[in-house]
Protein chains: 2
Amino acid sequence: MSKHLVRYTKMQSFTEENYLKIIYHLSQNNEGSVQTNAIAEKMQTRAASVTDMLRKLSEKELILYKKYQGAHLTPAGRQTAINVIRKHRLWEVFLVEKLNFKWDEVHDIAEELEHINSQELVERLDEFLAFPKNDPHGDPIPDKNGNFDFVPFIKLSKLKKDDRGLIMGVSEHSSAFLKHLEKLGLTLGKSLTISTINQFDGSVEITVEEKKISVTREIAKHILIRI
Amino acid sequence: MSKHLVRYTKMQSFTEENYLKIIYHLSQNNEGSVQTNAIAEKMQTRAASVTDMLRKLSEKELILYKKYQGAHLTPAGRQTAINVIRKHRLWEVFLVEKLNFKWDEVHDIAEELEHINSQELVERLDEFLAFPKNDPHGDPIPDKNGNFDFVPFIKLSKLKKDDRGLIMGVSEHSSAFLKHLEKLGLTLGKSLTISTINQFDGSVEITVEEKKISVTREIAKHILIRI
DNA sequence: TTAATTTTTTAGATTTGTCTAAACATTTAG
DNA sequence: CTAAATGTTTAGACAAATCTAAAAAATTAA
């Protein structure tokens with residue numbers, strides 16, 4: 001009778017998608033080609049495994065790869081990566097807005113959901129969520145054509161004394177980090193002013209809703225501000 | 001120092017979950033042990049592959065298996081299977097109720113979503129959907145303890161002339177079948193009466209909302225009725 | 001500019017889930 | 001009750017993604 005099991009004639013496997021996504025993120029941070037070791041660290045695997053996968057992705061023309069020269073995404077590879085990121089961020093919005101998860105609880109679940117394979121599903125989810133522009137951590141959600149609504153952020157650690165700004169995002173998604181911010185009252189949309197910059201250790205004292213809060217340099221580096 | 005038995009729920013792979021789910025369904029249809037060939041057909045694979053997997057599932061104590069004797073689920077195996085089925089059916093409700101998919105469009109997407117791994121996600125989804133009792137095809141959704149709200153159905157093909165009943169479900173989820181039913185106006189909740197049973201080919205003529213419809217025996221076998 | 005260090009690649013194995021071909025076991029029919 | 005048909009398992013292989021160990025290339029430092 002009917003075929004109940006979906007035959008995975010999928011373009012990319014979960015693993016391939018994860019490699020492309022990581023190569024995309026790494027090439028955002030530092031322009032240029034992405035190194036084998038950097039990928040290995042993010043993928044929690046060995047450099048040898050990365051080399052094998054780079055060769056495979058290169059054969060599929062999703063990346064440009066020359067031995068010892070690192071990797072670059074091709075347009076097709078970038079397209080795939082952005083689509084995975086789009087799905088990840090839309091699912092995060094769903095989890096927070098509809099299922100009442102906290103912003104520090106959604107990353108791992110979205111890591112799984114981002115690989116669900118249905119263009120129709122993504123577009124309907126986007127519509128159901130009223131076409132959100134940002135995910136719960138402030139990251140922009142690309143539209144269905146892969147275009148980002150780019151807003152320039154500045155790291156809190158780069159601000160000067162008396163600068164004012166709005167918290168627009170974070171560049172670190174671990175539960176521990178996000179819970180810490182929550183405890184300090186440093187959530188998206190909050191307005192802050194730099195009171196003091198400690199020259200000794202780079203920590204900053206900021207004022208948020210009339211309260212003074214001290215933040216280490218390491219944390220300040222991961223808080224994104226729009227002035 | 002006390003010896004702590006860490007009881008970690010060993011993650012099953014997608015494939016293992018699909019085998020368990022299929023063994024569960026097959027053992028519902030015909031009581032007793034499930035045959036290798038039957039599993040092979042549903043899994044769209046070869047009997048040899050099934051044998052390998054049965055041995056593996058048996059080692060993990062998810063099934064009872066003796067060579068040439070077929071397979072039975074253990075309580076642990078049944079638990080896993082029912083959990084996958086619960087997720088599948090909840091996601092189907094989500095797709096139809098929230099994302100406006102049609103009942104014939106959701107099966108394949110739910111086949112992927114059912115493997116997403118988060119107990120918290122399932123429970124919150126259940127709550128978000130207001131604890132539905134049945135999926136869009138009428139199948140009962142087990143609660144979080146694995147208990148079904150059992151309602152006895154009769155196949156339309158088993159009804160006698162002049163019997164009346166309500167369409168409560170279908171036992172075939174292919175898009176082609178469901179689209180066909182939709183075209184005939186045979187959707188969940190509709191009331192029908194048997195007008196004629198054709199002795200030659202087993203087809204039945206039924207009356208639904210004052211209209212006479214003829215249905216082949218093959219189709220009638222997959223329509224579930226509550227008298 | 002050699003030498004030491006770091007990074008990357010190769011070679012060979014392993015695991016998972018699959019396959020074909022052939023052997024073996026069970027069931028059914030004459 | 002044997003023989004044929006059906007159903008199941010074994011044996012051996014393969015592709016994907018990973019691993020370790022070791023070789024090779026590139027980079028950095030003395």
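If you take CD of B:E41 and P of D:dT8, they are 12 Å apart, rounded to a whole angstrom. If you take CE of B:M43 and P of D:dT8, they are 16 Å apart, rounded to a whole angstrom. For the pair A:I39 CD1 and C:dT7 C1', the computed distance is 13 Å after rounding to whole Å. As rounded to whole Å, 13 Å separates atom C1' of C:dT7 from atom CG of A:L54. One can place NZ of B:K60 at 10 Å from C1' of C:dT16, the figure rounded to the nearest angstrom. In this structure, B:Q69 atom CD and D:dT9 atom P are separated by 9 Å, rounded to whole Å. Nucleotide D:dT9 holds its C1' atom 16 Å from the NZ atom of B:K66, rounded to whole Å. Rounded to an integer number of Å, the gap from CG of B:N18 to P of C:dT16 is 17 Å.
A 6.0 Å sphere centred on NZ of B:K144 holds no more than 12 heavy atoms belonging to other residues, nucleotides or ligands. Residue B:E61 qualifies as open at atom CD: its count of foreign heavy atoms under 6.0 Å is 12 or below.
Within the 4.0 Å cut-off from OP1 or OP2 of C:dT16, not a single side-chain nitrogen or oxygen of B:Y19 is found. An OP1 or OP2 oxygen of C:dT16 is reached within less than 4.0 angstrom by no side-chain nitrogen or oxygen of B:S13. In this model, the phosphate group of C:dT7 is not approached by any side-chain N or O of A:Q35 to a distance below 4.0 Å at OP1 or OP2. OP1 or OP2 of D:dT8 has not a single side-chain nitrogen or oxygen of B:T51 nearer than 4.0 Å. Side-chain N/O atoms of A:R46 include none lying less than 4.0 angstrom from OP1 or OP2 on D:dT18. For B:Y65, a side-chain nitrogen or oxygen approaches OP1 or OP2 of D:dT9 to under 4.0 Å. Distances shown here put every side-chain N or O of B:T36 at or beyond 4.0 Å from the OP1 or OP2 atom of D:dG7. Contact annotation: B:N37 side-chain N/O to D:dT6 OP1/OP2 distance is not under 4.0 Å.
Relative to the ring axis of B:F148, B:K133 does not place its NZ or CZ within 45° and under 6.0 Å from the centre.
Comparing D:dT9, D:dA26, D:dT18 against the side chain of B:Y68 picks out D:dT9 as the nearest. Comparing D:dA26, D:dT20, C:dC19 by their closest approach to the side chain of B:D52 singles out C:dC19. With D:dA26, C:dC19, C:dA11 as the choices, the nucleotide that has an atom nearest any side-chain atom of A:A48 turns out to be C:dA11.
For the pair A:K155 (side chain) and A:H222 (backbone), a donor-acceptor distance under 3.5 Å is absent. A donor-acceptor distance shorter than 3.5 angstrom exists from the side chain of A:T80 to the backbone of A:A76, with no hydrogens or angles considered.
Map B:K67 and A:K67 each onto its nearest nucleotide of DNA chain D; the residue landing nearer the 5' end is B:K67.
Less than 6.0 angstrom separates the ring centroid of B:H107 from the ring centroid of B:H88.
Within the 4.0 angstrom heavy-atom criterion, only backbone atoms of the sugar-phosphate kind lie near B:T15; the bases stay farther away.
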